[in-house]
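Quick notes on the structure that follows.
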Number of protein chains: 2
Amino acid sequence: MENATGNAQESQLKLSNFLCFAIYSTANAVTRAYQPRLAALGLTYPQYLVMVVLWEQENQTVKAIGDKLSLDSGTLTPLLKRLETAGLITRRRNTVDERQVLIGLTNEGRKMRERAEAVPVAMGQAFGCSMDEAQSLRSELITMRDNLVASIGETK
Amino acid sequence: MENATGNAQESQLKLSNFLCFAIYSTANAVTRAYQPRLAALGLTYPQYLVMVVLWEQENQTVKAIGDKLSLDSGTLTPLLKRLETAGLITRRRNTVDERQVLIGLTNEGRKMRERAEAVPVAMGQAFGCSMDEAQSLRSELITMRDNLVASIGETK
DNA sequence: ACACATTAGATTGCACACAATTTAATTGTG
DNA sequence: CACAATTAAATTGTGTGCAATCTAATGTGT
């Protein structure tokens, strides 16, 4: 920075810039790295995340899936429709509360889980770090994410 | 491979899942957290990144900007056209090499830099971590990103 | 019971990301 | 010099993300 005065604020300004960009560009790289490994399953990375959530527990509402993935219905509704068209999930209204749509797995969707087991194994190698490093990095990111989410509320 | 395999496969499988999701969801949170702070400038987060690159150096090719942000012309061309329509940048063919498009700043785009100085300061607080933490987290992410990028090449 | 607020999803509109393809300009090689 | 290979942008098509809005169903307070 050509007009730098060397004060702390100036360098922090750049630092926070680079941290956010490190997160942003790494996230893009994650999606790109998953793509060839998910191609065999015919899934995108966000679709894969939804399937992981459903493999852990079937018959969740769109809202519940959205809470777990921090995605809203504007993102999930079309994504879920594509998974339904692909024959992997079912969508049906909850008879108890007609506002809700319950997302379930088809036999094909349930069966895909076995083939999907290989994906995280390959990705673990792609990340190229130890489990301890991954664990600590993960917890640092979650902390930061929660800080960011909290800061958004303060701007409203 | 430095990762444990065998019966540890189950936990590693989950672990790498959660790490990638931590990156993914934190990146989404970054974009959402920037949004209210960039609204005053009328910029999106990716547009802001492009402006930061141009504030550091004017008259870069689309390719050079793409290399710095890891974005291709399919993303940048429409984004740059929006910045041009907003009166912030200029686009002109390089007379030396007619394949290239040089991106410059308008006076308005140059002037926006002053107002933009407040953004990273506010975001530094939103991240809620020390400069040391941010610095180490940043370098860990960059290392992992480079590992991921390298792994993509191996799948081709 | 009834007006009002709240909630869950769907829809619309806009802006990325990125693969794949196309076009035009430049470079490398014989 | 010729011409194939390479390069830089633009274009096309698909799939997210998310704000804003809409509809329908549920909750609530008096």
Side-chain angles (χ1 to χ4, degrees), chain A residues 21 24-36 38-39 42-51 60-67 69-86 91-103 148-149 152 155-156, chain B residues 21 24-36 38-39 42-51 60-67 69-86 91-103 148-149 152 155-156:
Chain A
F21 175 63
Y24 165 83
S25 61
T26 304
N28 285 344
V30 166
T31 304
R32 284 196 295 268
Y34 264 96
Q35 196 273 325
L38 290 174
L43 294 176
T44 66
Y45 177 64
Q47 289 169 7
Y48 167 74
L49 289 179
V50 168
M51 294 302 290
Q60 299 188 60
T61 63
V62 175
K63 177 91 166 69
I65 297 171
D67 284 347
L69 299 180
S70 296
L71 296 172
D72 68 5
S73 70
T75 300
L76 284 176
T77 296
L79 187 156
L80 292 169
K81 285 182 177 174
R82 279 187 280 272
L83 288 179
E84 185 184 33
T85 301
R91 296 163 70 244
R92 63 180 199 281
R93 287 279 162 185
N94 186 347
T95 53
V96 177
D97 186 338
E98 291 279 352
R99 290 172 304 182
Q100 300 176 340
V101 168
L102 287 174
I103 307 299
L148 288 171
V149 171
I152 297 172
T155 63
K156 288 183 180 171
Chain B
F21 176 63
Y24 166 82
S25 61
T26 303
N28 286 343
V30 165
T31 305
R32 285 197 296 270
Y34 264 97
Q35 197 273 326
L38 290 174
L43 293 176
T44 66
Y45 177 64
Q47 288 170 8
Y48 168 73
L49 289 178
V50 168
M51 293 302 290
Q60 299 188 60
T61 64
V62 174
K63 177 89 165 69
I65 297 171
D67 285 345
L69 299 180
S70 295
L71 297 172
D72 67 6
S73 69
T75 299
L76 284 175
T77 296
L79 187 155
L80 292 168
K81 284 181 177 175
R82 281 187 282 273
L83 288 179
E84 184 184 34
T85 301
R91 298 165 67 246
R92 64 179 199 283
R93 287 278 162 186
N94 187 346
T95 52
V96 177
D97 186 337
E98 291 279 352
R99 291 173 303 182
Q100 301 177 337
V101 169
L102 287 173
I103 308 298
L148 288 171
V149 171
I152 297 174
T155 65
K156 288 181 181 172

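Letters A, B, ... are given to chains in the order of the sequence lines, protein chains preceding strands, and every chain is numbered from 1. Only heavy atoms go into these numbers, but all of them, side chains included; no hydrogens, no water, no symmetry mates.
- S25(A) comes within 4.0 angstrom of nothing in the nucleic acid, heavy atoms only.
- Phosphate contact (OP1/OP2 of dA10(C), side-chain N/O of T77(A), threshold under 4.0 Å): present.
- The shortest heavy-atom contact between Y48(B) and L38(B) is CD1-CD2, 3.6 Å.
- Residue S73(A) comes nearest to P78(A) through the heavy atom pair O-CD, 3.9 Å, listed as atom of the first residue, atom of the second, then distance.
- One atom, CZ of R91(A), and another, C1' of dA8(C), lie 13 Å apart when rounded to the nearest Å.
- Between Y24(A) and V96(B), the residue whose closest nucleotide on DNA chain C is further toward the 5' end is Y24(A).
- Straight-line distance from the CG atom of L43(A) to the P atom of dT14(D): 18 Å, rounded to whole Å.
- In this structure, D72(B) atom CG and dG13(D) atom C1' are separated by 13 Å, rounded to whole Å.
- Listed here is the closest heavy atom pair of P36(B) and A33(B): CD-O, 3.4 Å.
- Closest non-hydrogen pair, R93(A) versus R99(A), comes out as NH1-O, 2.9 Å.
- Pairing each heavy atom of R91(B) with each of L80(B), the nearest pair is CD-O, 4.0 Å.
- For E98(A), the side-chain atoms get nearest to dT26(D) when compared with the rest of dT26(D), dG15(D), dA10(C).
- Between the OH atom of Y45(A) and the P atom of dG17(D) there is a distance of 9 Å, given to the nearest Å.
- In this structure, T31(A) reaches neither bases nor backbone, as no heavy-atom distance under 4.0 Å exists between it and the strands shown.
- Within 4.0 Å of Q47(A), counting heavy atoms only, lie sugar-phosphate atoms of the nucleic acid but no base atom.
- Distance from the side chain of R99(B) is smallest for dT27(C) among the nucleotides dA17(C), dT11(D), dT27(C).
- dA19(D): Watson-Crick or G-U partner is dT12(C), with both key distances under 3.5 Å.
- Atom CG in D97(A) sits about 8 Å away from atom P in dA8(C), given to the nearest Å.
- In terms of position on DNA chain C, the residue among R32(A) and A64(A) whose nearest nucleotide sits closer to the 5' end is A64(A).
- Looking at which nucleotide of DNA chain D each of G74(A) and V101(B) is closest to, the 5′-most match is held by V101(B).
- Between A29(A) and I152(B), the shortest heavy-atom contact is O-CD1, 4.3 Å.
- Counting non-hydrogen atoms under 4.0 angstrom, V50(B) reaches nothing in the nucleic acid.
- In this structure, T75(A) reaches the bases: a heavy-atom distance under 4.0 Å links it to at least one base atom across the strands shown.
- For K63(A), no side-chain nitrogen or oxygen approaches OP1 or OP2 of dA10(C) to under 4.0 Å.
- A close approach under 4.0 Å does occur between a side-chain nitrogen or oxygen of K81(A) and OP1 or OP2 of dT11(C).
- If you check every strand for non-hydrogen atoms under 4.0 Å, S73(A) touches a base.
- Among the protein residues, L76(B) comes within range of no part of the nucleic acid, since none of its heavy atoms lies under 4.0 Å from any strand.
- Across the protein-nucleic acid pair, Y48(B) atom OH and dA15(C) atom C1' stand 19 Å apart, rounded to whole Å.
- T44(A) has no side-chain polar atom (N or O) that falls below the 4.0 Å cut-off from OP1 or OP2 of dT14(D).
- Which of dC18(D), dA15(C), dA8(C) sits closest to the side chain of Q100(A) comes down to dA8(C).
- As a whole-Å value, the separation of I152(B) CD1 from dC18(C) P is 9 Å.
- Taking atom CZ of R93(B) as the reference point, atom P of dT7(D) lies 17 Å away to the nearest angstrom.
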